[in-house]
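Each remark here refers to the structure printed beneath this line.
Protein chains get the first letters and strands the later ones, always in sequence-line order, with residue 1 at the start of each.
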2 protein chains.
Amino acid sequence: MAPPTDPSRPLRGDARRNRERLLDAARALFAERGVDVAMAEIARRAGVSNGTLYNHFPTRQDLIEAVFLDRLEKNVELAEQARAADDPWQGFADYVTGICELQAADRGYNEVVTRGMTSPAARRLQATATAALADVFARAQRAGTLRADAAIEDLAFVVWGISRTVDLTGDHAPELWRRHLALLLDGFRAAGAHPLPRQPLAAGQAHQAMTPD
Amino acid sequence: MAPPTDPSRPLRGDARRNRERLLDAARALFAERGVDVAMAEIARRAGVSNGTLYNHFPTRQDLIEAVFLDRLEKNVELAEQARAADDPWQGFADYVTGICELQAADRGYNEVVTRGMTSPAARRLQATATAALADVFARAQRAGTLRADAAIEDLAFVVWGISRTVDLTGDHAPELWRRHLALLLDGFRAAGAHPLPRQPLAAGQAHQAMTPD
DNA sequence: CCATAACATGACGATGCCGTCAAGTTCGTA
DNA sequence: TACGAACTTGACGGCATCGTCATGTTATGG
């Protein structure tokens, strides 16, 4: 006999429908206008009152994480493809390019990437991707193509940097970020590398950096 | 006999004083809290009413440009030092590092760098800096240390990218951006460069990118 | 078919910011 | 010193967003 407000009880039919509509509306609006659109507008687009929106997603962050969780799944997938690639460097480069393509394809996700996702589900997926990526990274370093003094955490520079470029040039020059990325990737190559200063961002610190609140 | 409201007539004593106070207050608040602080708070900090603030600076942009004009002068200075440097690459690298240091030192300026400044005075300084930089760039390319397929406009990637890293890690790891920059600079080296995709951002387009309004 | 828990509604108060303006004050000059 | 222009004041209306809540509606199991 479950209590009347069992958190995991299946939603009532209409509630489930509305939830889907809200997610669809948010997905669309986030993609085209960014993640800071007015909550009321999302509700309106979903054909639902704002009260209902807050019923399902008490905070904007809840909504964001629900909308973009599948991007993290895609990320895991990319990391595993990279691990399976024949050429270590190519695997690495393709992975990095892949996540940047995700950013370029969705303005909202491009913003989220610099804010971080904190739900348990998100962190679990993130951890899985990181684990796979560690293999990719180490393999490319062993092969001597990825510079030895680079750390996985340095990939944050790629994500953050490309995020800015996509943000600023996405409308006008939608593929320009690839040029930015090419420069950065050459910077990650072992050939001709000059020693890096400072320590890399400590593991887990990247998340702190993105959630100062 | 100048008309009563000559735009270039010297300000009255109290007006000049208030203007200075406003600039000081804005400088301080911009540096610590970014360029989007409430106008009213700037006025309060200056010990002046908000009406006076709007008298002197009708728009926030006016205030921003007045506050940060000297950063552009510093930029010109850096470019000329770079031109005078013995080693072409070192001159280039020092210049880039210098502008990034300006960004790291002031949160407001770090934001402005991605929004652009549009006043005539600002554009003039910008043009001067760009002219000097063109020499620096060409010289380093002739020396064979700076990759031949890089364009001056590609430096926007540096500025924008470092801006993000400073933004996200400035509080917690104030010097981490140097690591990001080192990776990028290695990407700009001729040694081991792989061809860049796409065209660089067309000259002047960078400004467009930063001012979509 | 009914009872009730689950859900939806939309108006509302609160908040924070912007930019203006009529009225009052201060400066500089004659 | 007195006068007019320059300057300052701060309250105000407008706007946008947020999140809540009392009330009304609907789905679902018995």
Could you tell me the separation between the [atom1] atom of [X] and the [atom2] atom of [N], rounded to a whole number of Å?
X       : N      : atom1 : atom2 : value
A:Arg21 : C:dA8  : CZ    : P     : 10 Å
A:Leu29 : D:dT17 : CG    : P     : 12 Å
A:Arg19 : C:dA8  : CZ    : P     : 11 Å
B:Glu20 : D:dC7  : CD    : C1'   : 16 Å
A:Arg16 : D:dT28 : CZ    : C1'   : 14 Å

B:Arg12 side chain: which of C:dA8, D:dT8, D:dA6 is closest? D:dA6
Please tabulate, for side-chain N and O atoms in residues 128-137 of chain A, each donor-acceptor pair with protein atoms closer than 3.5 Å (sequence neighbours left out).
unit_1	atom_1	unit_2	atom_2	d
A:Thr128	OG1	A:Arg124	O	3.0
A:Thr130	OG1	A:Gln126	O	2.8
A:Asp135	OD2	A:Arg83	NH1	2.7

Salt bridge flag under 4.0 Å for residues A:Glu80 and A:Lys74: no
Would you call A:Arg107 and A:Glu111 a salt bridge, using N to O less than 4.0 angstrom? yes
Can you sort out which residues in residues 36-59 of chain A have a heavy atom within less than 4.0 Å of DNA chain C? Ascending by number, please. A:Val48, A:Ser49, A:Asn50, A:Gly51, A:Thr52, A:Asn55, A:His56
Pairwise side-chain contact, A:Ile64 with A:Val112, heavy-atom cut-off 4.5 Å (strictly under): yes
For B:Tyr109, the ring-ring contact (aromatic ring centres under 6.0 Å, His included) test, sequence neighbours excluded, returns B:Phe68
OP1, OP2 of C:dC18 versus side-chain N and O of B:Arg60: anything below 4.0 Å? yes
Is A:Asn18 close enough to C:dC7 that one of its side-chain N or O atoms is under 4.0 Å from OP1 or OP2 there? no
Parallel, tilted or perpendicular: which fits the ring planes of A:Trp160 and A:Phe157, with parallel below 30° and perpendicular above 60°? perpendicular
